[in-house]
Amino acid sequence: MAEKQPIYILPENVSRTIGKDAQRNNILAAKIIADIVKTTLGPKGMDKMLVDSTGNIIVTNDGVTILEEVQLDHPAAKMIAEIAKTQESEVGDGTTTVVMMAGKLLENAERLLDKKIHPTVIIKGYRLAADKAKTILHEIATPVSDKNILKQIAMTAMTGKGAESNREHLANLIVTAVDQVASGKEIDMNSIKIVKQKGNSIEDSELVNGLVLDKEAANEFMPKKVDNASILLVDFALELKNPEAEAKISVSTPEQLQQFIASEELALRDMTNKIINSGAKVVFCQKGIDDVAQYFLAKSGIMAYRRVAKSDMEKLSRATSGRIISSIHEIRREDLGFAAVVEQVKKNDDTITYIRGCKNPKSVTLLLRASTDHVLDEVERAVKDGLGDVSSAVKDGKVVSGGGAIEMEIAKRLRQYAKTLGGREQLAVEEFASALEFIPETLAENAGLDPVNVMTELKQKHESGHAKDGINLFNNKVEDCLAAGIVEPVRVKLQAIASSSEVATMILRIDDVLASNGRVSAMPKPSYDGMD
Ligand code: ADP
Ligand code: MG
């Protein structure tokens, strides 16, 4: 018999993990990721200190930030980190919850795999459970009845974060900001600009009815402050763009040169006169402003800014109700915007311009203040969570009880639902329910309470019809959390359930991992890795 030739299909540097190994490897990675963020969950969660390769330090409690900063190597771990990002961009909060859910769904799936239940059965069960959970969520969510609920949502989002001590003040700013820029249920988050300023304390943070720009006027002879400012917004350069002038100019006598300069000056004078005559007192220009034009504007007491970012021009337009003009010939008085004050303030080495007191602005600025950069960054993350939650609640008009109450109630109803299912999917639906219970359990554990006791009490309460009971970590009591002001928007939970079940089922379906860099290590990396 002829000797068999080996057949090479995959390149040499491709490593392959197949079947059970691939599955277990991926599940392990997901569990580890969930474990990393777990201790940060809830108001009593701890913070993580992350140090990158250059020595930069981030102290945070925010799930997505942690996963973004940690260099993840494992493909399944990366998939999990990805859903945290989706949660952040779709809802703005609930990133720790979604990662923990995904990890727990996979951990529980492993139990079923151990019982020889096929992945496709688990996948089907998880799908059924996720759909049912969404229906239940819609059923038991309560409508947003007043602004106070929105404030409670913002406060719940910020509990336990860097901003905790001033969360009432910040919650007021957030709710006012969202209310100001919302038109009905539509909210464009780009309309709320966040500006961070080091110095002073968190309680000095404020909502500016207008914009704050990191800029100073083009010329030092311009006024530093203008009251009752008519504002002109232009997106073209206040310069001469004479094509002949840019080509070669041939002057043979001093008189010719004089004449040329005079004609340039005349054109610029004409241009600035149009601005001056429009009644504008402040000009924001997206492009450059010629020195001579600056001089003429300054002489007329006009404040002018050049090279303003396009995104800021749009915000200025929404804030001041001014129209962005694209040609010098189109400047009309009625297109000017308005602000009660435009003021340039120098602080330490930075110069900042405030455009304040706009009438019914459709773009506002949250000016955050704190003593150090690290605190400032964490306050910003907390405020973003609050903004995300409040705008979600405004969009959907529905909220749920926090402190693990909603998870407990969905879990209870899923268990009832499981009984109506024949077949082995039933077991998967039950595991889905127990993954949801991981949230209240961890909330209790992170607060140093006995999770077994808390869970027993919670289960009893829900069995006897107390659907809104969760663990209130202000007083460590199992009670109606909605009534206690621990409130979350329904969207956070909808998205968390959708994303976590999607990623879990996607990972369960994988039975073959081909990695072309030759590394398919579960974290932590095996020690032989990196030795080659
Ligand atoms: P995530 O990144 O998932 O938003 P958080 O650390 O912000 O994680 O924690 C959110 C969880 O904390 C939610 O389940 C919420 O109901 C709960 N929570 C917030 N405030 C309280 C409180 N005072 N008592 C109990 N649970 C709370
Ligand atoms: Mg949160």
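Both ligands and their constituent atoms are indexed starting at 1 by order of listing. Source: prediction; values computed, not measured.
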Review point. Of all the heavy atoms in Gly94, does at least one lie under 4.0 Å from an atom in ligand 1?
Key: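 Contact check Gly94 vs ligand 1: positive.
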
Review point. Is there side-chain contact between Leu443 and Pro43, with heavy atoms separated by less than 4.5 Å?
Key: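 Yes, side chains in contact.
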
Revision key, fill the gap. Closest to the Mg ion (ligand 2), among the N/O/S atoms of Asp93, is atom OD1

Which residue holds the protein heavy atom closest to [atom], what is that atom called, and what is the gap in Å?
atom: atom 25 (C) of ligand 1; value: Ile471 O, 2.9 Å
atom: atom 24 (N) of ligand 1; value: Leu473 N, 3.0 Å
atom: atom 26 (N) of ligand 1; value: Gly403 CA, 3.3 Å
atom: atom 7 (O) of ligand 1; value: Lys161 NZ, 3.3 Å
atom: atom 17 (C) of ligand 1; value: Leu443 CD2, 4.0 Å
atom: atom 15 (C) of ligand 1; value: Glu488 OE1, 3.4 Å
atom: atom 19 (C) of ligand 1; value: Thr156 CG2, 3.5 Å
atom: atom 27 (C) of ligand 1; value: Pro43 CD, 3.5 Å

Could you list which atoms of ligand 1 come closer than 4.0 Å to a heavy atom of [X]?
X: Thr40; value: 6 (O)
X: Phe474; value: 23 (N)
X: Gly402; value: 16 (O)
X: Asp93; value: 4 (O)

Close N or O approach ([X], ligand 1; < 3.5 Å):
X: Asn472; value: no
X: Gly42; value: yes
X: Leu41; value: no
X: Thr97; value: yes

Check your understanding: Which one of Lys185, Arg491, Lys493 satisfies the salt bridge (charged side-chain N to carboxylate O under 4.0 Å, His left out) criterion with Asp396?
Key ->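 Result for salt bridge (charged side-chain N to carboxylate O under 4.0 Å, His left out) with Asp396: Arg491.
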
Exercise for review: Apply the salt bridge (charged side-chain N to carboxylate O under 4.0 Å, His left out) test between Glu110 and each candidate in Lys104, Lys31, Lys20, Lys115; give the one that qualifies.
Suggested key: Lys31

Practice item. May I ask you to say whether Asp373 pairs ionically with Lys196, meaning some side-chain N is under 4.0 Å from a carboxylate O? Key: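 No, this pair does not count.
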
Practice item. Output, in order, the C-alpha distance, side-chain angles, deciding distance and verdict of side-chain hydrogen bond (donor to acceptor under 3.5 Å, both in side chains) for Gln495 and Ser499. Key: CA-CA 6 Å; Gln495 182 70 41; Ser499 307; 2.9 Å; yes

Counting distance only, does the side-chain N/O of [X] pair as donor-acceptor with the main-chain N or O of [Y] below 3.5 Å?
X: Asn472; Y: Glu479; result: no
X: Ser371; Y: Gly199; result: no
X: Ser401; Y: Leu482; result: yes
X: Glu409; Y: His462; result: no
X: Ser317; Y: Met313; result: no
X: Lys48; Y: Ile36; result: yes

Exercise for review: May I ask you to check whether Asp389 brings an N, O or S atom to under 2.8 Å from the Mg ion (ligand 2)?
Suggested key: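 No.
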
Review point. So among His374, Lys161, Glu378, which one has a side chain to side chain donor-acceptor pair (under 3.5 Å) with Thr60?
Key: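 Going through His374, Lys161, Glu378 one by one, the side chain to side chain donor-acceptor pair (under 3.5 Å) with Thr60 is satisfied by Glu378 alone.
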
Check your understanding: Counting heavy atoms only, which of Thr96, Ile66, Ile439 comes nearest to atom 2 (O) of ligand 1?
Key -> Thr96

Point to revise | Under-4.0 Å heavy-atom contact with ligand 1, by part of Glu407 that carries it | key: neither

Review point. Closest heavy-atom contact between Lys78 and Leu72?
Key: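 Minimum heavy-atom contact is CE-O, 3.1 Å.
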
